[in-house]
Amino acid sequence: MKTGTIKSFNHKKGIGFIISDSDNSEIFFRKCELNAFITGNEKVCYDESMNSLGKIAINIKVNEDCVPEKKTINIQSELKKTNCTKVIR
């Protein structure tokens with residue numbers, strides 16, 4: 001999924017634009033693709049698709065609903081790398 005910020009959203013028309021974090025491009029979206037109520041300027045994650053008008057955002061989620069991939073680490077090997085002997089809790 002890509003990330004961005006809601007630039008504008010017209011509640012009456014049900015359309016808006018997202019500014020992409022990767023390249024600052026504007027991506028069109030429709031309210032039916034949103035999973036939450038928005039007021040504007042929210043951070044979101046989304047998928048991109050193409051239609052006859054160009055790039056559109058689909059499956060839009062407000063950032064709290066975006067779950068990044070979890071990285072599993074081996075704490076013992078990480079401690080050895082840093083010469084630590086204890087884990088502070």
Side-chain angles (χ1 to χ4, degrees):
M1 290 193 108
K2 297 188 175 202
T3 59
T5 304
I6 301 291
K7 176 186 176 190
S8 62
F9 181 65
N10 184 317
H11 287 277
K12 198 177 259 190
K13 292 182 180 181
I15 59 173
F17 290 91
I18 295 171
I19 299 290
S20 169
D21 286 344
S22 62
D23 62 4
N24 285 336
S25 63
E26 289 187 7
I27 300 154
F28 176 81
F29 72 92
R30 297 184 188 279
K31 73 176 177 182
C32 60
E33 295 295 337
L34 290 167
N35 75 335
F37 181 80
I38 59 168
T39 57
N41 222 26
E42 283 96 348
K43 295 294 281 178
V44 293
C45 58
Y46 59 94
D47 293 317
E48 279 185 5
S49 185
M50 292 291 284
N51 71 7
S52 60
L53 299 174
K55 254 196 277 190
I56 60 168
I58 59 172
N59 304 323
I60 303 166
K61 298 177 182 176
V62 176
N63 246 11
E64 291 83 41
D65 295 332
C66 300
V67 179
E69 290 183 33
K70 293 182 179 178
K71 183 179 177 185
T72 305
I73 61 167
N74 179 326
I75 194 70
Q76 293 302 324
S77 66
E78 290 300 313
L79 288 173
K80 287 177 187 174
K81 287 180 194 174
T82 60
N83 295 325
C84 291
T85 57
K86 290 187 201 176
V87 175
I88 300 171
R89 296 181 196 254

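Small disclaimer: the values here were computed from a predicted structure and weren't measured. Side-chain atoms are counted along with the backbone in the values below, which use heavy atoms only and exclude waters and symmetry mates.
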Qualifying residues under salt bridge (charged side-chain N to carboxylate O under 4.0 Å, His left out), relative to Glu33, sequence neighbours excluded: none
Non-hydrogen side-chain atoms of Val44 and Thr5 separated by less than 4.5 Å: no
Under 4.5 Å between side-chain heavy atoms, chaining through other members, with only Ile, Leu, Val, Met, Phe, Trp and Tyr counted: pull out the rest of the cluster around Ile56, sorted by chain and number. Ile15, Phe17, Phe28, Ile58
Between the NE2 atom in His11 and the NZ atom in Lys31, the distance rounded to the nearest 0.5 Å is 9.5 Å
Return the CZ to CD1 distance between Phe9 and Ile38, rounded to the nearest 0.5 Å. 5.0 Å
Can you find a heavy atom in the side chain of Glu26 that is under 4.5 Å from one in the side chain of Ser20? no
Between Ala57 and Ile18, what is the shortest heavy-atom contact and its length? CB-CD1, 3.8 Å
Can you tell me how far CD of Glu42 sits from CD1 of Ile60, rounded to the nearest 0.5 angstrom? 11.5 Å
Only pairs under 3.5 Å count here: list side-chain donor-acceptor contacts from residues 45-54, not counting sequence neighbours, and write none if there are none.
from	atom 1	to	atom 2	distance (Å)
Asp47	OD2	Asn59	ND2	3.0
Asn51	OD1	Leu53	N	2.7
Asn51	OD1	Gly54	N	3.1

Filter on salt bridge (Lys or Arg N to Asp or Glu O under 4.0 Å), then keep only pairs touching residues 8-25, sequence neighbours left out; what's left? Asp21-Lys43
To the nearest 0.5 Å, atom OG1 of Thr3 lies from atom CD1 of Ile19 at 12.5 Å
